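Below, all heavy atoms of this structure are taken into account, side chains as well, without hydrogens, waters or symmetry copies. Everything quoted here is computed from the prediction, not taken from an experiment. Remember, it's 1-based here, ligands and their atoms both numbered in the order they're listed.
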Amino acid sequence: MNREEAAKRIEELRDELRQYNYEYHVLDDPSVPDHVYDQKLHELIQLEEEQPDLLTDDSPSQRVGGEPLDKFVKVDHEVPMLSLGNAFGEGDLRDFDRRIRERVSDYRYVCELKIDGLAVSLRYEDGRFVRGATRGDGKTGEDITNNLRTIRSIPLKIKEEETIEVRGEAFMPKKSFLALNEAREEDGQEVFANPRNAAAGSLRQLDPKIAASRNLDIFIYSVGQWEAGSISSHSERLKFLRELGFKTNRETKTFDSIEEVIDYTEEWTLKRSELDYEIDGIVIKVDSVDQQEELGFTAKSPRWAIAYKFPAEEAITKLHDIELSV
Ligand SMILES: CC(C)(CNC(=O)c1ccc(Oc2ccccc2)cc1)c1ccc2c(N)nc(N)nc2n1
């Protein structure tokens with residue numbers, strides 16, 4: 001095959017493998033079996049070895065790149081990564097709703113599972129993943145780009161040439177956490193206390209090969225900086241992020257009343273053990289972006305969002321008993 005044909009075949013394979021990644025990781029609906037994916041990836045790697053000057057860092061073959069760092073570089077978040085106020089029960093949720101009702105009318109809520117992981121920010125320029133960082137203190141985080149590139153559900157190139165910054169929660173699935181701790185126990189190493197610590201420990205590794213071995217995943221939940229941004233509701237933004245190629249959480253729902261929100265928090269207090277990943281609550285947000293702007297922020301958190309935190313485990317087993325006894 002001559003250089004021209006090789007270049008064409010390389011582009012074809014990259015597009016095909018990106019689509020397979022999207023189907024597998026975002027839609028959870030692969031159109032080809034794993035061995036077809038592996039065979040095409042192998043063909044791409046071979047062609048890129050034959051034509052090294054055609055190698056680009058957004059190629060699906062470039063997941064585990066870069067030499068181990070000797071430290072992490074600091075990164076400033078142009079749009080701060082804010083924190084959430086907490087609600088610990090139904091009363092707090094009704095108080096939150098009353099504060100909203102005092103300021104806006106005719107509003108809807110979006111409810112998202114609160115993933116128990118590590119908040120990260122991903123920056124894309126002209127559609128290509130260029131930088132990833134930890135939340136840090138909300139204003140300054142650490143550059144962990146090479147480690148985030150190893151997360152297969154993070155697209156290295158999105159479907160539009162957008163310059164956009166998105167935020168999400170990186171996490172370690174429960175099964176991977178159990179397998180990792182088993183292996184560490186066998187090696188006489190210290191085990192991780194919970195999947196959140198395991199994910200944080202993995203993303204703080206200076207060698208991306210270690211992060212690549214930890215089977216991390218991510219759910220994207222908001223937009224930071226976005227020049228072209230004009231979509232008027234949070235739920236619409238989430239839909240747009242999924243169409244761009246980002247993995248969002250399928251349990252997200254919109255509700256018209258705090259009653260339905262309370263039902264949703266009760267449903268997931270009991271159901272969360274069925275999930276493949278740990279959650280520590282539910283995030284509730286006013287859906288309309290205009291109403292979010294009307295409501296504004298306190299010193300460190302939006303007034304239009306709150307985190308409902310699940311009660312500690314033993315309280316839930318009592319809830320289970322009540323549930324079963326009625
Ligand atoms: C709502 C927000 C706090 C994100 N939003 C922001 O961080 C944010 C930041 C600047 C904003 O606007 C400003 C722009 C410039 C200056 C100040 C504010 C608006 C929102 C948040 C925090 C944690 C979340 C979590 N763990 N899970 C889910 N599912 N959602 C979450 N959402």
Side-chain angles (χ1 to χ4, degrees), residues 75-88 93 96 99-100 104 107-123 132-141 153 164-172 194-197 199-200 203 216-242 246-255 261 264-265 268 272 275 277-310:
V75 167
D76 286 334
H77 302 296
E78 273 156 61
V79 173
M81 292 178 72
L82 301 178
S83 55
L84 288 164
N86 288 330
F88 292 101
L93 290 175
F96 170 68
R99 293 194 296 272
I100 303 292
V104 295
Y107 52 91
R108 277 193 334 173
Y109 288 121
V110 179
C111 287
E112 301 172 53
L113 301 186
K114 189 171 179 299
I115 311 301
D116 200 0
L118 196 76
V120 295
S121 162
L122 308 177
R123 180 167 175 75
T134 62
R135 177 181 182 281
D137 64 6
K139 287 190 178 46
T140 305
S153 48
I164 188 169
E165 193 221 326
V166 298
R167 278 93 188 264
E169 199 85 3
F171 65 93
M172 185 180 291
N194 52 54
R196 192 214 158 282
N197 290 6
L203 286 172
L216 297 172
D217 203 339
I218 194 167
F219 285 116
I220 300 299
Y221 57 65
S222 87
V223 178
Q225 204 156 26
W226 183 19
E227 281 132 21
S230 65
I231 296 176
S232 66
S233 79
H234 178 66
S235 45
E236 283 299 307
R237 280 184 177 178
L238 290 174
K239 187 163 161 285
F240 171 69
L241 289 172
R242 199 160 43 253
F246 292 108
K247 181 172 181 176
T248 58
N249 191 281
R250 61 174 54 187
E251 309 301 344
T252 300
K253 281 206 171 58
T254 53
F255 296 113
V261 169
Y264 185 82
T265 59
W268 283 105
R272 63 176 166 152
L275 292 167
Y277 46 85
E278 287 199 349
I279 61 174
D280 61 345
I282 304 291
V283 180
I284 301 133
K285 302 171 183 176
V286 169
D287 194 22
S288 150
V289 172
D290 288 344
Q291 290 176 339
Q292 290 181 2
E293 274 159 25
E294 271 177 72
L295 290 157
F297 305 88
T298 66
K300 59 182 179 51
S301 305
R303 282 202 192 88
W304 42 265
I306 198 160
Y308 168 78
K309 304 288 279 190
F310 292 132

Those atoms of ligand 1 less than 4.0 Å from some heavy atom in Val79: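 In order of numbering, the contacting atoms are 10 (C), 14 (C).
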Give the numbers and elements of all ligand 1 atoms closer than 4.0 Å to a heavy atom of Pro80. 7 (O), 9 (C), 10 (C), 15 (C), 16 (C), 17 (C)
Spacing of Phe96 atom CZ and Asn86 atom CG [to the nearest 0.5 Å]: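 The distance works out to 12.0 Å.
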Quick one: does Tyr308's side chain get under 4.5 Å of Val261's, heavy atoms only? no
Specify the protein heavy atom at minimum distance from [atom]: its residue, its atom name, and the distance to 0.1 Å.
| atom | value |
| --- | --- |
| atom 29 (N) of ligand 1 | Glu112 OE1, 3.0 Å |
| atom 31 (C) of ligand 1 | Tyr221 CE1, 3.4 Å |
| atom 26 (N) of ligand 1 | Glu169 OE1, 3.7 Å |
| atom 23 (C) of ligand 1 | Leu84 CD1, 3.5 Å |

Considering only heavy atoms, which of Gly168, Ser121, Ala119, Ser222 lies nearest to atom 4 (C) of ligand 1? Ser222
In terms of its nearest heavy atom to atom 18 (C) of ligand 1, the top option of Trp304, Phe297, Phe219 is Phe297
Report, as yes or no, whether the 6.0 Å neighbourhood of atom CD on Glu78 holds more than 12 heavy atoms from other residues, nucleotides or ligands.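 No, the 6.0 Å shell around CD holds no more than 12 heavy atoms from other groups.
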Does any N/O atom on Lys285 come nearer than 3.5 Å to any N/O atom on ligand 1? yes
Is it the case that the ring center of [Y] lies less than 6.0 angstrom away from the ring center of [X]?
| X | Y | answer |
| --- | --- | --- |
| Tyr109 | Tyr107 | yes |
| Tyr277 | Phe171 | yes |
| Phe240 | Trp226 | yes |

For Asp217, is there an ion pair with Lys247 - N to carboxylate O distance below 4.0 angstrom? yes
Does ligand 1 have a heavy atom under 4.0 Å from the side chain of Leu82, from its backbone, from both, or from neither?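 Both of them.
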